[in-house]
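By convention in this document, chain letters (A, B, ...) are assigned in the order of the sequence lines, proteins followed by strands, and residues within each chain are numbered from 1. What you see is a predicted model, and the numbers here were worked out from it, not measured in a lab.
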Amino acid sequence: MLKIASWNVNSLNVRLPHVLAWTDVASPHILALQETKLPDDRFPADALQEAGYQSVFSGQPTYNGVAILSRQTAGDVVTDVPGLDDPQRRILAATLPTDIGDVRIVNLYVVNGSEVGSEKFEYKMHWLQQVTAWLAEEASRHDRMVVLGDFNIAPDDRDVHDPEAWREKILCSTEERSALGRIFDLGLRDTFRQFEQEEKVFSWWDYRMNAFRRKMGLRIDLVLASRAMAKRCVASYVDIEPRRQDRPSDHAPAVAEFDVS
DNA sequence: ATGTCAGTCAACGACTGA
């Protein structure tokens with residue numbers, strides 16, 4: 001089994017113990033992290049190496065920052081894409097060897113966008129447009145591809161605790177969902193929806209207003225798989241256990257498992 | 001009810017972003 005996960009840790013500095021505890025129990029082969037909020041010279045590669053993970057990362061102080069932890073050595077690392085001369089470290093692609101050959105992993109920390117219609121929202125839409133064009137190229141080069149991360153878009157109303165309250169709000173607007181649809185149209189499937197799921201499964205809950213306790217969340221952390229990988233996907237779920245811990249990230253890991261026999 | 005966090009700067013509180 002090949003287990004691949006995505007987790008927005010909201011500061012790897014604070015959350016390193018959570019990551020070590022979770023990887024110890026869940027033992028994913030590949031773990032994509034977002035919002036590490038660390039410059040590269042402070043990335044805790046040694047502690048992760050001791051836990052059995054190699055790391056590639058693209059960070060900056062204070063904001064953003066992405067990493068891929070893996071049992072195997074990553075190659076062909078990409079951190080920047082055409083059309084985005086962007087100091088924000090949100091993109092990290094790498095190729096990982098597996099039992100079925102190389103798998104291309106694309107880790108995305110999609111722009112939040114703040115409010116529909118804001119300047120940040122316009123940046124989000126432009127960012128998605130450029131990233132989608134690049135993903136099309138990646139998809140043409142890599143038959144086996146997994147695109148995962150914090151998409152900052154809830155795919156549809158099933159992914160929202162209160163769809164009416166969120167109607168056309170940031171993370172849920174028609175324009176954002178259409179942009180996500182154009183990524184699905186590249187042949188990338190939301191692995192979570194390949195399986196029957198319980199209602200009200202979310203991956204992010206606001207720190208405010210006891211949102212987690214009240215089950216007021218969104219499913220915005222996704223694991224998408226190319227056709228060749230989707231047909232091998234045997235499970236996809238959110239592991240909310242880390243969200244219950246002390247001093248948690250506001251996100252929980254999204255996990256997909258693939259049959260590589 | 002934007003009422004929580006995290007990081008930074010600069011100085012222990014204001015700010016930004018999420």
Side chain to side chain contact (heavy atoms under 4.5 Å, CB included) between A:Ile240 and A:Phe212: does it pass, once the steps are laid out? CA-CA 10 Å; A:Ile240 68 167; A:Phe212 180 67; 4.3 Å; yes

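Straight-line distance between the P atoms of B:dA11 and B:dC5: roughly 26 Å, to the nearest whole Å. Separation of the P atoms belonging to B:dT2 and B:dG7 is 24 Å when rounded to the nearest angstrom. For B:dT16 and B:dA10, the C1' atoms lie 15 Å apart once the distance is rounded to whole Å.
Side-chain contact, A:Tyr237 with A:Glu257: a donor N or O sits under 3.5 Å from an acceptor N or O. A:Ser261 and A:Asp259 share a side-chain donor-acceptor pair at under 3.5 Å. With 3.5 Å as the limit, one finds no donor-acceptor pair spanning the side chains of A:Asp150 and A:Trp204.
Residue A:His18 contributes atom NE2, which lies 12 Å from atom P of B:dC5 at whole-angstrom precision.
Annotation: side chain of A:Ile4 is not in contact with side chain of A:Pro28 (no heavy-atom distance under 4.5 Å).
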Each nucleotide of nucleotides 7-18 of chain B classed B (base within 4.0 Å of a protein heavy atom), S (only sugar-phosphate) or -, in 5' to 3' order, makes SS--------SB

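The heavy-atom pair separating A:Arg104 from A:Asp76 by the smallest distance is NH1-O, 2.7 Å.
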